[in-house]
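Chain letters run A, B, ... following the sequence lines, proteins first and then strands; every chain starts at 1.
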Amino acid sequence: MLPSWIAESAAPRPAPVRRRVPFLERTLRHSAEVVQHVVFAERAARRPGFLQSLDARVKLLSILALLVAATFLHHLPSLWLLGAFAVSAIALSRIELGLLFNRVWWMLPAVFVIVALPAALNFVTPGETIVTLFRTEEGIRVGPVALPREVTITRQGAAAAALVITRVWVGVLLTVALTLTTRWQALVKACHTSMTAPFVLILSMTYRYIFLLLRVVDDMHLAKRARTISPGSLAAEHRWIGGRVAYLFSRSRQLTDRVYAAMLARGYRGEARALVESRFGAREALWTVACGAAIVGVLAVDRVLLGDLLW
Amino acid sequence: MVRPVFRAESVFYRYPDGRLGLAEASLTVAPGESVVLLGAHASGKSTLLHLLAGLMFPSEGSVEAFGTVLTESALRDGEFARAFRQRVGVLFQDTDAMLFNATVYDEIAFGPLQLDLSELDVRRRVDEMLKLLELRAVAQQSPHALSGGEKKKVALAVLLAVSPEVLLLDEPTAALDPRLQRWFVELAEELRGMGKTLVTSTHDLHVAEEIADRVVVLGEDHRIAAEGPPLAILRDLELLLSVNLVHEHAHIHDGVLHIHPHSHLHVHEHDHH
């Protein structure tokens, strides 16, 4: 028998002033962005294009070789050439350059402040002064480090900083080219060797289940929103978040147990095995030759043409 | 006498927190037999299946498979463990836990790869399963992107790819639409025709009626309440009411109040006149 008050519909309450919980909203928005980001990257990786059509293992190894080559270059023009090679390959792969540069630019300020700027200063890289930043009579101590009376940017330091920034930029460009044109599953599989098998299995399972847990987070948030008539106090919201974090942790532990049981039931005996597709056709041969030529070319420019030039 | 596939003797199972999962359960499953474990939610069907699958071990009593007692040490390593996992396939209720690979293709290949088959044979099996279960279109998709019905199909493909003698199926028709339920029943019929042993847990009386040689009913007290041929069990309305598989339904028809047990099976028997 239902209680009689169920028959009475409560009059809507006036909406109180909404107190925002930026942390929760931000976290949930970020979790949704993760999914969107991955879906977008998957779409780019599925487009018909040059890099997309290459075997993932060939692509992985060639880009690793290009990354190693970048570390051996000591002049900006040779690094720019290598960057131009990467950009050309990406352009052939129908990836919008705008998207690519968006993915690459964001890390430059961090690299500049953390690595490049200190390297440009005279107390890290001594040399010929270009700009004097400041001068003090007695010098400054920062903890155990005593700064010189005159802090300047040196020509040698600026060259080192520019090299670091450009090298990082080229490295990120190559890495993004690889990840934007290769489906995650193919990329993970390309890393599969007898040595890396357990790590590859863990990585691929993490990727598989992170979406399941993200969906749980999303569902919890939606359910809460659907049932929230009047927002609670900030403390109550924080308690709710804490409770949900604990719930998610417990849920992921239970899931771990069930997944392991399913693995055992399917004959898993501690050895990760996978089918790895690998092909080396005309496109792969062309790409390998192009990469080889690019590496030899930029190294020749760097060592022979530019030689002892500082930049 | 033919050696049974499974023999469970007075099995009790308690969860780590002390809750009772199964009490005094004894069961024998013969080769080629299709046994349905019928019971309401939380009656112990899945627990019994997991015990038969060697994924959990009894607190009291014993479970034998192919004449060997299932213990943690027997299933930890060695020939028996390997043969057991090859001969016994398990369909889990939670398909998300069962499908842990990056793509549907890899998912189906996982079992055959553990059997040390050649790469060519593994690929052949996977391709045949994709064709049989009409999963080619989703072969390169991640399992998380599939619908509930597709996940269940992939999970069945995963089982069949290893070609086990015994299939332990935990709620195989849960979350399936009527067409897929029918498809599953026909698949089970075909597997029975091939001589496979099926142990299926369900609370779906339709499925039990169609695929079972024998029905084992579990009560809400986690004990086996009855076992027998499907028709005899499914016509025993008092039994089905007592184990919460049918419910009392009251309605007025032609001005007369009727109260009768109700399920969505042919056991819906009463005279309206």
* Asked: So what's closer than 4.5 Å to chain A heavy atoms on B/L55: side chain, backbone, both or neither?
  -> side chain
* Would you say B/Q140 and A/R183 make side-chain contact, with heavy atoms under 4.5 Å? -> yes
* Sort A/Y260 into side chain, backbone, both or neither according to what part of it lies under 4.5 angstrom from a heavy atom of chain B. => neither
* Taking everything shown except A/R279 itself, do over 12 heavy atoms lie less than 6.0 Å from its CZ? -> yes
* Asked: Is there a side-chain contact between B/D96 and A/V259 (heavy atoms, below 4.5 Å)?
  -> no
* Checking B/F84 against chain A: side chain, backbone, both or neither under 4.5 Å from a heavy atom? -> neither
* Mark yes or no for whether B/R85, through its side chain, and A/L264, through its backbone, hold a donor-acceptor pair below 3.5 Å. => yes
* Is it the side chain or the backbone of A/L212 that comes within 4.5 Å of chain B heavy atoms, both, or neither? -> side chain
* Give, as side chain, backbone, both or neither, the part of B/E107 having an atom under 4.5 angstrom from any heavy atom of chain A. => both
* **side-chain contact (heavy atoms from CB on, under 4.5 Å) partners for A/V245, two or more places apart** => A/I241
* **Spacing of CZ belonging to A/R258 relative to CD belonging to B/Q93, to within rounding of 0.5 Å** => 9.5 Å
* Quick one: does B/F100's side chain get under 4.5 Å of A/R266's, heavy atoms only? -> yes
* Name the member of B/G89, B/P143, B/A97 that forms the most heavy-atom pairs with chain A at distances under 4.5 Å. => B/A97
* To do: Considering only heavy atoms, give the residues of residues 120-134 of chain B separated from chain A by less than 4.5 Å, sorted numerically, with 'none' for an empty result.
  => B/V122, B/R123
* In residues 44-51 of chain B, which residues are in contact with chain A at a heavy-atom separation under 4.5 Å? -> none
* What option among B/L115, B/V90, B/N101 has the most heavy-atom pairs under 4.5 Å with chain A? -> B/N101
* Asked: For chain A, which residues from residues 145-172 of chain B lie under 4.5 Å away (heavy-atom distances)?
  -> B/K151, B/V158
